[in-house]
Amino acid sequence: MNFDSRIYVAGHKGLVGSAIVRKLELSGYENLIVKTHSELDLTDQLNVSLFFKKEKPEYVILAAAKVGGIEANNTYRADFIFQNLQIQNNVIHQSYIHGVKKLLFLGSSCIYPKHTPQPINEESLLMGPLEYTNEPYAIAKIAGMKMCESYNLQYGTNFISLMPTNLYGKNDNFDLKTSHVIPALIKKIHDAKQQSLTKVEIWGSGEPIRDFLYSDDFADSSLFALQNINFEDLLDNKEYVTNTHINVGTGVGVSIKELSLIIKKVVNYKGEFIFNTLKPDGTMLKVIDVGKINSLGWGHKVNLEDGINLLYNWYLRNLKNLT
Ligand code: GFB
């Protein structure tokens, strides 16, 4: 990939897409192609085909998706599976039709079974039932990853699938109904401090364990994959080719209770937490094995407390645009 290569970043305004655009620009890649949702509806097959025909990207990063936290996934089940399948099918197929040199498909660690040995290894895929609350999204992401693998095997494409763990960072979603846990707790605890509230509600038991990766760290892994990882690197001498996707995370688990105490310290909030067990916990254990990405040469750099400090400072600087 050269500094003047035509690189299309689908979903450039989102948490992941915006981090990847920042990383590419800081690294000297000047020929980025971006389209807003209103300029290009990725669920529309004809418009995606016309876009590829006109723009002819050489590299594609598929960071566009219908995403959300546990409540959004559990509520908008049909939207999560339909929109993500449509986006993936259109972008992956057109990347093949138009000879894209490399595509990066971004999935999620929720593709793994609800109960699986920890830390979760890539080989655990499809080895058991999925977590109910995000099954539609997980099925869509598994389909996208398998589609990349199948196009590589049948057509010789070079489509790489990264499976990030729970991500957080600048341009995160702070809408309490649809957000993930870290932006939700930053907002709830910040607001409680501002309003001198003595208690903050945490959903669930506080016991679930998660592996949280800062979005700029994930963007760093995405550029590393674009520059250094190819499909043939992922083939081992098994009788059949499968599980060619790559986990990306910290490999370090933290409970939601521990997370809330870290955010309480960063925000300097003095109140207490109440755990609302009427809200779902979701998967109880979701820490991923990062041995594969580490052996390929990449490791995370930003630890959880530093990442939360970075995000909270960003939140305070951008508060007027977020409310
Ligand atoms: O981040 P989160 O919504 O997604 O929830 P998942 C993580 C844990 O935090 C759950 C708890 O056990 C929540 O019950 N939690 C506590 C909260 N308080 C809150 C709160 O105020 N808001 C939210 N959102 N959670 C997602 C999948 O699962 O993981 C997505 O639904 C995606 O599809 C993402 O795969 C990576 O980690 O449970």
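Counting starts at 1 for both ligands and their atoms, following the listed order.
Backbone and side-chain nitrogen or oxygen atoms of S108 are examined, and one is located within less than 3.5 angstrom of a nitrogen or oxygen of ligand 1. Of the polar atoms of I70, at least one N or O is found under 3.5 Å from an N or O of ligand 1, judged by distance alone. For the pair N166 and ligand 1, the shortest N or O to N or O distance falls below 3.5 Å. For I256, no nitrogen or oxygen atom sits less than 3.5 Å from a nitrogen or oxygen atom of ligand 1, counting backbone and side chain alike.
One N or O on the side chain of N84 and one on the backbone of K66 form a donor-acceptor pair closer than 3.5 Å. Checked by atom type and distance alone, the side chain of T157 never pairs as donor or acceptor with a backbone atom of F159 at under 3.5 Å.
Here the protein heavy atom with the shortest distance to atom 18 (N) of ligand 1 is W203 N, 2.9 Å. Among all protein heavy atoms, the one lying closest to atom 27 (C) of ligand 1 is N134 ND2, 3.4 Å. Looking at atom 38 (O) of ligand 1, its nearest protein heavy atom turns out to be R210 NH2, 2.9 Å. For atom 24 (N) of ligand 1, the nearest protein heavy atom (residue, atom name, distance) is S179 O, 2.9 Å. Atom 17 (C) of ligand 1 has V181 CG2, 3.5 Å as its closest protein atom, hydrogens excluded (heavy atom only). In this structure, atom 12 (O) of ligand 1 lies nearest to the protein heavy atom D281 O, 2.6 Å. At the top of the distance list for atom 26 (C) of ligand 1, counting protein heavy atoms only, stands K286 NZ, 3.9 Å. Of all protein heavy atoms, the one lying nearest to atom 21 (O) of ligand 1 is K188 NZ, 2.8 Å.
The contact set between ligand 1 and A184, taken as ligand atoms under 4.0 Å from a residue heavy atom, comprises 20 (C), 21 (O), 22 (N).
E58 and K101 are joined by a salt bridge, as a carboxylate oxygen and a charged side-chain nitrogen come within less than 4.0 angstrom of each other.
Between Y168 and F212, the two ring planes are perpendicular [angle over 60°; tilted spans 30° to 60°].
Geometric assessment of R6 against the ring of Y29 yields a negative cation-pi assignment under the 6.0 Å and 45° thresholds. Judged by a 6.0 Å distance limit and a 45° cone about the ring axis, K35 is not positioned over the six-membered ring of F51.
Of the listed residues (T250, V252, L304), just one forms a side chain to side chain contact (heavy atoms under 4.5 Å, CB included) with L213, and that residue is T250. Applying side chain to side chain contact (heavy atoms under 4.5 Å, CB included) to M145 and the options L125, I246, L106, L162 leaves one that passes, L125.
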Q: Applying ring-ring contact (aromatic ring centres under 6.0 Å, His included), run through Y155 and Y151 and close with a yes or a no.
A: CA-CA 5 Å; Y155 298 126; Y151 273 58; 5.3 Å; yes
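The shortest heavy-atom distance from A72 to ligand 1 is not under 4.0 Å.
Only backbone heavy atoms of P280 (N, CA, C or O) come within less than 4.0 Å of ligand 1; its side chain stays farther off.
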